[in-house]
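The block underneath contains the structure these notes are about, expressed in structure tokens.
Read the numbers this way: they start at 1 and go in the same order the structure lists the ligands and their atoms.
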Amino acid sequence: MPDIRSAYSDSLNFYGWHRPRALAEKYGTPLYVYNERVLRERCRDMKGLSPHPGFNVNYSVKANANPALLRIIREEGLVVDAMSPGELRMNQVAGFTPKEILYISNNNSREELQNALKHTLLVSVDSLCQLDTLGQLFPDGRVMVRFNPGIGAGHHSKVITAGKETKFGVTPDRMDEVLSLCARHRLALAGINQHIGSLFMQPQCYLEAARVLLELASTLPKDILKTLEVINFGGGFGIPYHKYDNEARLDIATLGNRLHETLCSWTDKTGYAGHFLVEPGRYIIAECGILLGAVHAVKDNGDTRYVGTDIGFNVLARPAMYDSFHDVEIYRQGNGDSSNGHMEQTIVGNICESGDILIKKRLLPVVCEGDVLGILDAGAYGFSMASTYNQRFRPAEILIAESGDVKLIRRRETAEDLLRSVDGLL
Ligand code: LLP
């Protein structure tokens, strides 16, 4: 058994009949590897939250917009959001129709709003100011308004998007102004939405916030509630990142049962006949992705053992940006027991900043030059937040299909890609 630490991916048969080192060798590193079976399972978990006929799942594309993955998500019957012209384009390439795309964005230029309207999308605005602008651009049209339910959640202050201090949404006490702006521009209020933040592990806050949104909907005049098409409770469903500590999963069954009961009793009471949406990003796509990287150097600086890899924060920004935890696997060449004990190590990338730290002072099997590392749960906000900082090329992405075949779903960038936007201008 040559791998030093691979019990988690082995238990899932994540790489199928392929070995991670062979994939790293063939496609190069850093390399995002996705598993189709895991992706489909996560889509089904979310679809199963509620059998209510109006219930569906709106995948939040910002977590990962690779069109090959979006196609699988579409096959599973999910719809999507878009928050920029680029995300809209990716959704179209994956085959989503305008009816299957909600434009949920903020602080848009008139041009961007017009672009979304040109594609006949339902647009969610998150301020009275943008509602007014949309009304000027699209009189007699439809609109969705994002509210702040006053309850926030998230793994870091940077990703809490509701509550007292946030740039997002309209507070429910402004509903009268929303309705009068809609009336002024003869806009139909076609939807209301919210998103409390990213990553909760207990269902309570999400359910409470959902009830707040439903109560708000109950206050709508009857004729408006009758034509309301969508009530969208947002995303934030967490995944356990501490795989090697057996961190408990979010209790999807309990969350689903309670949400379903709430939806049923509310529709019975109000006669609402529109759709309900949840809007997960991370839950759908995080766990189907492992990021492979190579160890190029190890050294002791003072008391710290540094493991130098090609996984800089240009490739995976989350640890540098939010101090996020990702578990790591270690794949080593050779046979027999090649483990040489455990020690505290700091795993870093190849970016010229001292904050380029992937894993800080963690007790792990001793990592050696030539090892390949697998960073777990890297499918969400991994590639989608990757950059070309230090003029490094963004990585390739491959998919382990259900058939077991490996498909290249994004090639590694090259210097020509970096030069494309300045070509002809020099
Ligand atoms: N809906 C809206 C309007 C959002 O802004 C987001 C995420 C979602 C849905 C999906 O949230 P999720 O289910 O993935 O938690 N980069 C951070 C997360 C930022 C989330 C931004 N908005 C991270 O890596 O943790």
Exercise answer, ligand 1 polar atom pairs (N/O) under 3.5 angstrom:
unit_1: ligand 1; atom_1: 1 (N); unit_2: Glu279; atom_2: OE1; d: 2.7
unit_1: ligand 1; atom_1: 13 (O); unit_2: Gly236; atom_2: N; d: 2.8
unit_1: ligand 1; atom_1: 13 (O); unit_2: Gly281; atom_2: N; d: 2.8
unit_1: ligand 1; atom_1: 14 (O); unit_2: Gly281; atom_2: N; d: 3.4
unit_1: ligand 1; atom_1: 14 (O); unit_2: Arg282; atom_2: N; d: 2.8
unit_1: ligand 1; atom_1: 14 (O); unit_2: Tyr381; atom_2: OH; d: 2.6
unit_1: ligand 1; atom_1: 15 (O); unit_2: Ser198; atom_2: OG; d: 2.4
unit_1: ligand 1; atom_1: 15 (O); unit_2: Gly236; atom_2: N; d: 3.4
unit_1: ligand 1; atom_1: 16 (N); unit_2: Tyr322; atom_2: OH; d: 2.7
unit_1: ligand 1; atom_1: 24 (O); unit_2: Arg318; atom_2: NE; d: 2.6
unit_1: ligand 1; atom_1: 25 (O); unit_2: His155; atom_2: NE2; d: 2.7
unit_1: ligand 1; atom_1: 25 (O); unit_2: Arg282; atom_2: NH1; d: 3.4
unit_1: ligand 1; atom_1: 25 (O); unit_2: Arg282; atom_2: NH2; d: 2.9
unit_1: ligand 1; atom_1: 25 (O); unit_2: Arg318; atom_2: NE; d: 3.3
unit_1: ligand 1; atom_1: 25 (O); unit_2: Arg318; atom_2: NH2; d: 2.9

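Between Tyr34 and Asn64, the side chains place a donor N or O and an acceptor N or O closer than 3.5 Å (distance only, hydrogens not considered). In the model, Tyr103 has no side-chain atom that pairs as donor or acceptor with a side-chain atom of Asp81 under 3.5 Å.
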Contacts under 3.5 angstrom, residues 231-242 side chains, donor-acceptor by atom type, not counting sequence neighbours:
unit_1: Asn232; atom_1: OD1; unit_2: Gly234; atom_2: N; d: 2.9
unit_1: Asn232; atom_1: ND2; unit_2: Glu279; atom_2: OE2; d: 2.8
unit_1: Tyr241; atom_1: OH; unit_2: Arg282; atom_2: NH1; d: 2.7

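Thr166 has its side chain within reach of Asn148: a pair of non-hydrogen atoms, C-beta onward, lies under 4.5 Å apart.
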Under the criterion ring pair (Phe, Tyr, Trp, His ring centres under 6.0 Å), I'd like the reasoning laid out for Tyr322 against His155: C-alpha separation, chi angles, the key distance, then a yes or no. CA-CA 8 Å; Tyr322 318 109; His155 66 82; 5.2 Å; yes
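A distance of 6.0 Å or more separates the ring centres of Tyr8 and Phe14.
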